[in-house]
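Worksheet for the structure shown next.
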Protein chains: 2
Amino acid sequence: MDENLNLTKKEQVIRVAANLFREKGYAAASMRDLAQKLGIEAASLYSHIKSKEEILQSLCFDMAAEFRKALENVENQKISASEKLRIGIIEHINVMAKDLPSSAVFMNEHRHLSRPFLNEFLLLQINYINRFKKIIEEGISKGEFKMNIDKKLAVMTLFSSLNWMPLWYDDKTNAVPTDLGEQLADILINGLKQ
Amino acid sequence: MDENLNLTKKEQVIRVAANLFREKGYAAASMRDLAQKLGIEAASLYSHIKSKEEILQSLCFDMAAEFRKALENVENQKISASEKLRIGIIEHINVMAKDLPSSAVFMNEHRHLSRPFLNEFLLLQINYINRFKKIIEEGISKGEFKMNIDKKLAVMTLFSSLNWMPLWYDDKTNAVPTDLGEQLADILINGLKQ
DNA sequence: CCTACCGATCGGTAGG
DNA sequence: CCTACCGATCGGTAGG
């Protein structure tokens, strides 16, 4: 079944939960489903985790931390805005590709976080988006990007493409993550047009 | 509360349900929630609808039909592929803007359809995506678009941007739908670069 | 459209 | 990690 690798039992629970939450959605996935996939009784889950929501919190905030870390390495480099955008996209996609189920949960299920965790999560997300927006603004002010772009639309287009990827990307048939990132950056920066 | 307009009671139920499903997700939204928003008892809902899922089916398949209809008007025009793509995007966004809650449900909640409805829905969706893919392929073969584009990536980028829009678009602060469509088409076709 | 209610399932706990 | 179980809530029906 699932490889043990070097994961603690708690990590295994969270890993299997990520797959389940992605598949059925958080609300529709029951702890009994999760227990069954792990080969134990539902009550036994609670020796490893405090609650169903604790799992969701781990998944959402751990992914958020990964994304933030990856972007930090990009922002302070002395390169053009297009280059920053390109590398930022590649890094984001690489983070997702390392854990597609968690990425899908991060994107689609975070709304089931309870307060105050939901608010905290949304703040992190807005902050991350704004950092990409600044890169786009830098590109505009330096004359690399067109002046008349709708910045909000541009950044939401970028994020939509990035976040949707875990829903259709397949390791087996698609390009390796870095190539995919390169191509996505190329489409957004240079367009489809010849 | 909610305007009556000229809607039948069933249509009112479905309309309020769209808002509720968008807000909480289909699985987490209860029929008691829905009844409360309508000012009636949960049991009374069943004089108007057969089941919770019937509502989801209406929402998903009605939106699907709207999208298909809009695209048909575009495909057979004798215009360039870029023009078809541009108009196709604008039409898609106009359909969504007419009913943002249903659009959000269409995008995010269709996976809760039971079989065989889920399969039927997915076929419609794949068909629709393929029709956009053909426009992109036409653009490539006619030399309008770059030859070395990853067609699947291009079409998924397009769809991600389109489908994500109901989650952030706000009638009050954002551009009118047609302008938004124009700008999105411009970003995808011409890119951000100066 | 209501009251009254059903069986099923939910997340979680007690105690070992 | 298990058995046994809890109160709450779910979608839905019967009968008016």
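Each chain gets a letter, A, B and so on, in the order its sequence line appears, and its residues count up from 1.
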Worked check of side chain to side chain contact (heavy atoms under 4.5 Å, CB included) between Q183(A) and N148(B): CA-CA 10 Å; Q183(A) 286 163 6; N148(B) 61 343; over 6 Å; no
Under 6.0 Å from the CD atom of Q36(B), do we count more than 12 heavy atoms belonging to anything else shown? no
Under the 3.5 angstrom rule, does the side chain of [X] hit a backbone N or O of [Y] as a donor-acceptor pair?
| X | Y | result |
| --- | --- | --- |
| D33(A) | S30(A) | yes |
| K152(A) | N174(B) | no |
| Y26(B) | E53(B) | yes |
| K146(B) | I187(A) | no |
| Y169(A) | A175(A) | yes |

Provide, to the nearest angstrom, the distance between the [atom1] atom belonging to [X] and the [atom2] atom belonging to [N].
| X | N | atom1 | atom2 | value |
| --- | --- | --- | --- | --- |
| M31(B) | dT9(C) | CE | C1' | 17 Å |
| L56(B) | dG12(D) | CG | P | 12 Å |
| Q12(A) | dC1(D) | CD | C1' | 14 Å |
| K9(A) | dC2(D) | NZ | C1' | 14 Å |
| H112(B) | dC10(D) | NE2 | P | 15 Å |
| D33(A) | dG12(C) | CG | C1' | 16 Å |
| K24(B) | dG11(D) | NZ | P | 10 Å |
| L34(A) | dG11(C) | CG | C1' | 12 Å |

With Watson-Crick and G-U wobble geometry limited to distances under 3.5 Å, how should the secondary structure of DNA chain C be encoded in dot-bracket form, using | for bases paired to another strand and [ ] for crossing pairs? ||||||||||||||||
Could you run through nucleotides 3-8 of chain C and give me one letter per nucleotide, 5' to 3': B if any protein heavy atom sits under 4.0 Å from the base, S if only the sugar-phosphate is that close, - if neither? BB----
Would you please confirm or rule out a distance under 4.0 Å between OP1 or OP2 of dT9(C) and any side-chain N or O of S30(A)? no
Please, which pairs that meet salt bridge (charged side-chain N to carboxylate O under 4.0 Å, His left out) have at least one residue in residues 132-142 of chain A, sequence neighbours excluded? K84(A)-E138(A), E138(A)-K142(A)
Just grab all the salt bridge (charged side-chain N to carboxylate O under 4.0 Å, His left out) pairs involving residues 55-66 of chain A, residues at least two apart or on different chains. E66(A)-K69(A)
Please classify the nucleic acid contact of A29(A) as base, sugar-phosphate, or nothing, using heavy-atom distances under 4.0 Å. sugar-phosphate
Residue list, salt bridge (Lys or Arg N to Asp or Glu O under 4.0 Å) with E91(B), at least two apart or on another chain: none
Hey, which of F61(B), F121(B), Y128(B), F21(B) is the one that makes ring-ring contact (aromatic ring centres under 6.0 Å, His included) with F106(B)? F121(B)
Which residues in residues 45-55 of chain B have a heavy atom closer than 4.0 Å to any atom of DNA chain D? Y46(B), S51(B), K52(B)
